[in-house]
Amino acid sequence: MFEIAEELKKLPDQPGVYIMHDSRDAIIYIGKAVSLRKRVHQYFQASHDEGIKKAQMVKQIARFEYIITDSELEALVCLLYTSDAADDL
């Protein structure tokens with residue numbers, strides 16, 4: 001079972017791409033981060049407010065995964081590649 005709180009503790013403070021999945025394992029969001037730990041944690045903080053659309057998405061997150069990169073630029077390239085691959089699913 002994927003425990004979000006436990007998985008948040010394991011996030012590295014490194015750049016990368018994160019992929020959010022819903023309960024059916026469908027990809028609902030892909031993003032990049034300079035610090036995976038800081039960025040992904042933001043989604044699950046009560047004080048984090050990015051609007052209704054994002055709040056609804058966060059409620060649907062059942063699990064997340066991530067890809068560590070060496071730089072923010074590499075994360076951007078990986079994001080573009082991952083987004084294209086997700087579109088093909």
Side-chain angles (χ1 to χ4, degrees):
M1 176 102 183
F2 191 90
E3 295 291 331
I4 289 179
E6 288 302 312
E7 295 302 317
L8 287 171
K9 294 175 186 176
K10 299 175 187 176
L11 284 164
D13 189 22
Q14 293 176 272
V17 173
Y18 55 94
I19 305 163
M20 305 293 192
H21 296 265
D22 67 12
S23 60
R24 295 171 299 163
D25 211 32
I27 295 172
I28 56 175
Y29 191 78
I30 303 172
K32 71 171 184 64
V34 174
S35 168
L36 287 163
R37 179 182 300 146
K38 291 175 186 173
R39 182 65 185 120
V40 176
H41 271 263
Q42 287 178 342
Y43 284 95
F44 302 99
Q45 293 176 349
S47 62
H48 184 67
D49 181 24
E50 288 196 32
I52 294 170
K53 187 175 179 181
K54 202 145 259 189
Q56 290 173 342
M57 183 208 58
V58 170
K59 289 178 186 176
Q60 295 178 29
I61 297 171
R63 72 177 191 91
F64 60 83
E65 59 184 317
Y66 56 90
I67 301 166
I68 298 170
T69 61
D70 290 328
S71 68
E72 185 178 9
L73 178 58
E74 186 180 346
L76 177 59
V77 171
C78 189
L79 171 67
L80 296 173
Y81 176 78
T82 306
S83 297
D84 286 344
D87 289 343
D88 292 340
L89 295 177

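Position 1 is the first residue of the sequence; numbering continues from there.
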Answer yes if Tyr81 and Leu73 sit in the same cluster of Ile, Leu, Val, Met, Phe, Trp and Tyr residues linked by side chain heavy atoms under 4.5 Å apart, and no otherwise. no

Please round to the nearest 0.5 Å and tell me the distance separating atom CD of Gln42 and atom NZ of Lys54. 9.5 Å

Do side-chain atoms of Arg39 reach the backbone of Ala33 as a donor and acceptor pair under 3.5 angstrom? no

Spell out, as yes or no, whether a donor-acceptor pair under 3.5 Å connects the side chain of His21 to the backbone of Ala62. no

Minimum heavy-atom separation for Pro12 to Leu36, with atom names? O-CB, 3.6 Å

Determine, step by step, whether Tyr18 and Tyr29 satisfy the side chain to side chain donor-acceptor pair (under 3.5 Å) criterion, reporting the C-alpha distance in whole Å, the side-chain angles of both residues, the deciding distance to 0.1 Å, and the verdict. CA-CA 8 Å; Tyr18 55 94; Tyr29 191 78; 4.5 Å; no

Is there a side-chain contact between Ile68 and Pro15 (heavy atoms, below 4.5 Å)? no

How long is the straight-line distance from OG of Ser35 back to CD of Gln14, given to the nearest 0.5 Å? 9.0 Å

So with a 6.0 Å cut-off around CG of Asp70, is the heavy-atom count from everything else above 12? no

Val40, Val34: one ILVMFWY side-chain cluster at the under-4.5 Å cut-off? no

Gap separating the CD1 atom of Ile28 from the NZ atom of Lys59, nearest 0.5 angstrom: 13.0 Å

Describe, in one word, how the ring planes of Phe44 and Phe64 are oriented to each other, choosing from parallel (under 30°), tilted (30 to 60°) and perpendicular (over 60°). tilted

In terms of hydrophobic clustering (I, L, V, M, F, W, Y; side-chain heavy atoms under 4.5 Å; direct or indirect links), are Ile19 and Val77 co-clustered? no

Under-4.0 Å salt bridge between Asp22 and Arg63: no

Judged by atom type as modelled, is there a donor-acceptor pair below 3.5 Å linking the side chain of Glu7 to the main-chain atoms of Glu3? no

Report the distance from atom NZ of Lys32 to atom CD of Glu74, rounding to the nearest 0.5 Å. 12.5 Å

Shortest non-hydrogen separation from Tyr66 to Lys10 and the atoms involved: OH-O, 3.8 Å

Looking only at heavy atoms, which two atoms of Leu79 and Val17 are closest? And how far apart? N-CG2, 3.6 Å

Within one Ile-Leu-Val-Met-Phe-Trp-Tyr cluster: Met20 and Ile4, side-chain cutoff 4.5 Å: yes

